[in-house]
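Below you'll find the structure, written out as structure tokens, and then a few comments.
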Number of protein chains: 2
Amino acid sequence: MPEELSLAASTTGARPADEGARGRFDRIYQTLRRRICLLDYAPDERLREEDLAEEFGVSRTPVRRVLVKLEAEGLLRSVHGVGTIVTDIEVGALAQVYELRVELAELVGKLSPVPVDDALKARFREIRQRCDSMVRKSDPREFARINMEFFHLFNSLTSNEPLRLVSERLYYQTTRIWLKTASRLREYEQLLNNEFVIFQREVADITEAVEQGDLVAAGHVRRAHISMSFSRIRQASESGTRRDDKPTGSAPPAHA
Amino acid sequence: MPEELSLAASTTGARPADEGARGRFDRIYQTLRRRICLLDYAPDERLREEDLAEEFGVSRTPVRRVLVKLEAEGLLRSVHGVGTIVTDIEVGALAQVYELRVELAELVGKLSPVPVDDALKARFREIRQRCDSMVRKSDPREFARINMEFFHLFNSLTSNEPLRLVSERLYYQTTRIWLKTASRLREYEQLLNNEFVIFQREVADITEAVEQGDLVAAGHVRRAHISMSFSRIRQASESGTRRDDKPTGSAPPAHA
DNA sequence: ACCCGTGTTGTTGTGCACAACATAAGAAAA
DNA sequence: TTTTCTTATGTTGTGCACAACAACACGGGT
């Protein structure tokens, strides 16, 4: 049972008890989505509605509500008489999502950019520091969490709400593949550290772009990193999908 | 009770009886979405789950499933104890959606374009003819339907499924504003005819671009038309929102 | 040994009754 | 007359029992 981080204490106040119907819904939704994206629920895993209902202390009905929404977002797939199955994602199909994410990342800097004030800069500086101090720990879960948090922060650079929503949707569709691919590799530790350093650099670059108020540049940096990130994932996936395979001569991504 | 056009006879065969759970779901979903976008359900109108359940010959439960999905797509808004309300859309908020749609339209021609074969060309020629013969009838409903159909055809120019899905979503969010704005204007007939002619030209241009296999050009044409369409809507909305207002000297869009 | 039909089990989908909630009307008091 | 509290009414949200459906195991036949 994974620890719950209150990533989005949004609507009311997110206290455990005493919450309206909408609060319950959001809470269950956020929780399940996070679990799916952090691979607490593995792809192709079957979820039982009744189990979830019991865990959250409600009946199946509100749980089904959440499942419908998650299915609409492509993270789940309910089949009558079979079960509710976590979507499996393969690099091939994800190529299209990444293609789109790349373009959208650039748009974040162009479409309705928010005014850059000190508070915003401070938030970037803060997450940059947290990112630096994280590199030492080398915890993939922690990395995924900060990555997620940074995404939300970057996404808040545009005031174009539809763009934010779409980007968020696509992000949650793709973010799983990273953990999935990485965990399959032989050079797990090495690759992980490599990704840490690269991400650290991305955060640093974008933070500085924001400091200068150049959101277009921030968008370009982000675009480049998303594109390169997928290239690394695809290479890694192609060269070492089976971890008990014979070692290939060329070490996949490796540092820089 | 609006006539039902079988726009997407997709999964099984869409015969009225004998359909699985998934077929029912899709049927109700498509129907409701169409009604919302064709303004059969006006913005801010309250829908009663029980009425819908009775109409479709099911209980409230499957209807609620559909409503949840429509709410997730921003077309509905369920409030506990109040009702299920059709989202109201104002030109101001829609500006952001259009900003995004404009960019995505261009991407349709760039990202994973489909190979242009004779069958595809034929479909464009066919819809172009239907469009030509429609201009005489001047039926706004018919226009909205062909517009919708053309959107789907244009959208099929990319094989990037996420892009198709996102575009579709945004299209259904914005398409209502056209009918809503147009119906408020004094120069209703004039404006309508103007829009017909413009749309006719758009279809012609894009069809020819497709004939030549230049999907990038098709994307640019589409982008330009979406952008201009919104400009006209905004102008019309600003100059003559109240139809019983004193007539302003400048006739809003007018032809050309 | 293999194949096919059948029952058994487990899951999601549906229907219905009730709770939670919001709104509006009405009555009582100032 | 105005205000405020109470009550009535209508809606969505929830819980639970059952139907529909798919996968699996088992047994009888070949």
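Heavy atoms only: backbone and side chains are in, while hydrogens, waters and symmetry mates are out.
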(message) Can you measure B/Glu50 atom CD to D/dT9 atom P for me and round it to whole angstrom units?
(response) 17 Å

(request) Would you mind reading off the distance between B/Leu70 atom CG and D/dT12 atom C1', rounded to a whole angstrom? (result) 16 Å

(message) I'd like to know if B/Arg145 and B/Asp139 make a salt bridge, using a cut-off of under 4.0 Å between side-chain N and carboxylate O.
(response) no

(message) Name the residue from A/Arg141, A/Arg34, A/Arg35 that meets the salt bridge (charged side-chain N to carboxylate O under 4.0 Å, His left out) definition with A/Asp40.
(response) A/Arg141

(request) With side-chain contact (heavy atoms from CB on, under 4.5 Å) as the test, would you mind laying out the steps for B/His152 and B/Glu168 before giving the verdict? (result) CA-CA 8 Å; B/His152 282 288; B/Glu168 183 177 329; 4.0 Å; yes

(request) Give a yes or no on whether the ring-centroid distance for A/Trp178 and A/Phe199 is below 6.0 angstrom. (result) no

(request) Decide, yes or no, whether a salt bridge links B/Glu45 with B/Arg176 under the criterion of side-chain N to carboxylate O below 4.0 Å. (result) no

(request) Show your working on salt bridge (Lys or Arg N to Asp or Glu O under 4.0 Å) between A/Asp51 and A/Arg46 and close with a plain yes or no. (result) CA-CA 11 Å; A/Asp51 290 348; A/Arg46 276 194 0 222; over 6 Å; no

(request) Give a yes or no on whether A/Glu50 atom CD has more than 12 heavy-atom contacts from other residues, nucleotides or ligands under 6.0 Å away. (result) no

(request) Starting at the 5' end of nucleotides 5-11 of chain C, put B wherever the base has a protein heavy atom under 4.0 Å, S where only the sugar-phosphate does, and a dash everywhere else. (result) -----BB

(message) Under 4.0 Å between a side-chain nitrogen and a carboxylate oxygen: does that hold for A/Glu142 and A/Arg130?
(response) no

Using a cutoff of under 3.5 Å, can you pull out all pairs of nitrogen or oxygen atoms linking the protein to nucleotides 14-16 of chain D, with atom names and distances?
{"unit_1": "D/dT14", "atom_1": "OP1", "unit_2": "A/Arg24", "atom_2": "NE", "d": "3.3"}
{"unit_1": "D/dT14", "atom_1": "OP1", "unit_2": "A/Arg24", "atom_2": "NH2", "d": "3.3"}
{"unit_1": "D/dG15", "atom_1": "OP2", "unit_2": "A/Ser59", "atom_2": "N", "d": "2.6"}
{"unit_1": "D/dG15", "atom_1": "OP2", "unit_2": "A/Ser59", "atom_2": "OG", "d": "3.1"}
{"unit_1": "D/dG15", "atom_1": "N7", "unit_2": "A/Thr61", "atom_2": "OG1", "d": "2.6"}

